[in-house]
2 protein chains.
Amino acid sequence: MNKTIQREAILNELRSVTSHHTADELYAALRPRMPLLSLGTVYRNLEQMSQAGLILKLETAGRQKRFDGNLKPHNHLRCRRCGAVSDVSDVGLDSAVERLGEAAARLGADGFVLELNGLCEKCRLEEDGKK
Amino acid sequence: MNKTIQREAILNELRSVTSHHTADELYAALRPRMPLLSLGTVYRNLEQMSQAGLILKLETAGRQKRFDGNLKPHNHLRCRRCGAVSDVSDVGLDSAVERLGEAAARLGADGFVLELNGLCEKCRLEEDGKK
DNA sequence: TAGATAGTGATAATAATTCTCAAACATTCC
DNA sequence: GGAATGTTTGAGAATTATTATCACTATCTA
């Protein structure tokens, strides 16, 4: 895998945000700096880097795939209102997930995909505001 | 929601199989009996019935959505080789998932999506056969 | 620095799903 | 049972997300 300006830019962008971009969000974020960047290049590199284990591909509910530059084990919440995916950190959840991993391994599974559903911080505040 | 022949047929088909059909698999399964059935009708009804809670929509990894006529809580394994989704029943897994549900509820989440990844029965045998 | 390889941008192609709309059907009310 | 009303259908067009193609350019290796 050669080093290219485009690939570096995509990886840096993904690592510098805690949100979990879709391919077209990344494209939109990078275009001002790289006006010739092509959407196909973004897709190609995201796929490549997730194969190589440099980033995570989140392909759970919702139409578009999202990508995560944070490789440390952590959990995700998808907002049922705005669709954003945010990180969840909670000790109780982490230990439940660990147990789940053990149960899955015992069954011979390679792993699992998990995503919490609910309202993100932002939408929770907005819904409360309405009442 | 009116009662129609198409809707009944789709629901019955989903309930009579333990595999988890995609829209086009259902379409293919029903066409011999209902040659005028349209794929749009299948999609429309699947969406409607999952909204109404008559069936489950499984929209995890993989491009196509799958639908499940079994409403009892149970877990799924997606085969990394053939893409099929099968039911997994295991006491250890169930209790880990229950804990996970409690942790998620404590955090204010509505629920979660979970899918194990690995080889299904059929592919496991075939892979073993090769060696 | 030349030759081999890999990656890029532009665009076409594909896959899955959703939308549109006139005609057919189901339900309600008399 | 038949008219009025609302719902659903089939057929096809449209949309969305993603992948493939390909001539050209950048990167790497010797």
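As the structure is a prediction and not an experimental result, all values here were calculated from the model. FYI, side chains are in, hydrogens and waters are out, and symmetry mates aren't considered; it's all heavy atoms of this structure. The sequence lines fix the lettering, A, B, ..., with proteins before strands; numbering per chain opens at 1.
Per the geometry, CD belonging to B:E8 stands 14 Å off C1' belonging to C:dC25, to the nearest Å. The CZ-P distance, from B:R7 to C:dA26, rounds to 11 Å in whole Å. Atom pair B:Y27:OH and C:dA16:P shows a separation of 15 Å (rounding to whole Å applied). Atom P of nucleotide C:dA16 and atom NZ of B:K57 are separated by 16 Å, given to the nearest angstrom. Atom CE of A:M49 is separated from atom C1' of C:dG7 by 13 Å (rounded to the nearest Å). Atom C1' of nucleotide C:dG7 and atom CG of A:L46 are separated by 15 Å, given to the nearest angstrom. Rounded to whole angstrom, the span from the CD atom of B:Q48 across to the C1' atom of C:dT17 amounts to 16 Å. At whole-Å resolution of the value, CD in B:E25 and P in C:dT17 are 11 Å apart.
The minimum heavy-atom distance linking B:L39 with B:A23 is given by the pair CD1-O, 4.1 Å. The two residues A:V88 and A:L116 have their closest heavy-atom pair at CG2-CD1, 4.3 Å. Of all heavy-atom pairs between B:A52 and B:M1, the closest is CB-CE, 4.2 Å.
Shown here are the side-chain contact (heavy atoms from CB on, under 4.5 Å) partners of B:S95, two or more places apart in sequence or in another chain: there are none. Not counting sequence neighbours, the partners of A:D87 by the side-chain contact (heavy atoms from CB on, under 4.5 Å) test are A:H20, A:D68, A:N70, A:H74, A:H76. Scanning for side-chain contact (heavy atoms from CB on, under 4.5 Å) contacts around A:S38 gives A:T41, with sequence neighbours left out. Every residue two or more places apart in sequence or in another chain that forms a salt bridge (Lys or Arg N to Asp or Glu O under 4.0 Å) with B:K57 is listed here: B:E47.
Applying a 4.0 Å cut-off to non-hydrogen atoms, the residues of residues 31-39 of chain B that approach DNA chain D are B:L36, B:L37, B:S38, listed by residue number.
Within the structure, no pair that satisfies the salt bridge (charged side-chain N to carboxylate O under 4.0 Å, His left out) test touches residues 90-100 of chain B, not counting sequence neighbours.
In this structure, B:L125 shares a hydrophobic cluster with no other residue, the cluster being traced through Ile, Leu, Val, Met, Phe, Trp and Tyr side chains under 4.5 angstrom apart. Alongside A:V85, the hydrophobic cluster contains A:L56, A:L58, A:L71 (criterion: ILVMFWY side chains under 4.5 Å).
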Under 3.5 Å, which protein N or O atoms sit close to an N or O of nucleotides 23-30 of chain D? Give each pair with its distance.
{"residue": "D:dC28", "atom": "OP1", "partner": "A:K3", "partner atom": "N", "Å": "3.3"}

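Residue B:K65 places at least one side-chain N or O under 4.0 Å from the OP1 or OP2 atom of C:dT18. Listed pair A:Y43 / D:dT18 meets the phosphate criterion, a side-chain N or O lying under 4.0 Å from OP1 or OP2. Considering only side-chain N and O atoms, A:R44 lies nowhere under 4.0 angstrom from the phosphate OP1 or OP2 of D:dT19. A:Q6 has a side-chain polar atom (N or O) that falls below the 4.0 Å cut-off from OP1 or OP2 of C:dG9.
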Only distances under 3.5 Å count here; give the side-chain donor-acceptor pairs of residues 26-36 of chain A to other protein atoms, sequence neighbours excluded, each with its distance to 0.1 Å.
{"residue": "A:Y27", "atom": "OH", "partner": "A:R31", "partner atom": "NH1", "Å": "2.8"}
{"residue": "A:R31", "atom": "NE", "partner": "A:P35", "partner atom": "O", "Å": "3.4"}
{"residue": "A:R31", "atom": "NH2", "partner": "A:P35", "partner atom": "O", "Å": "2.9"}
{"residue": "A:R33", "atom": "NH2", "partner": "A:E13", "partner atom": "OE1", "Å": "2.9"}

Residues 103-113 of chain A, side-chain donor-acceptor partners within the protein, below 3.5 Å, at least two apart:
{"residue": "A:D110", "atom": "OD1", "partner": "B:R80", "partner atom": "NH1", "Å": "3.0"}
{"residue": "A:D110", "atom": "OD2", "partner": "B:R80", "partner atom": "NH1", "Å": "2.3"}

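End-to-end axis angle for the helix from C:dT1-D:dA30 to C:dC30-D:dG1, using five pairs per end and rounding to 10°, comes out at 50°.
B:N45 comes within contact range of the sugar-phosphate backbone alone, with a heavy-atom separation under 4.0 Å but no base atom that close.
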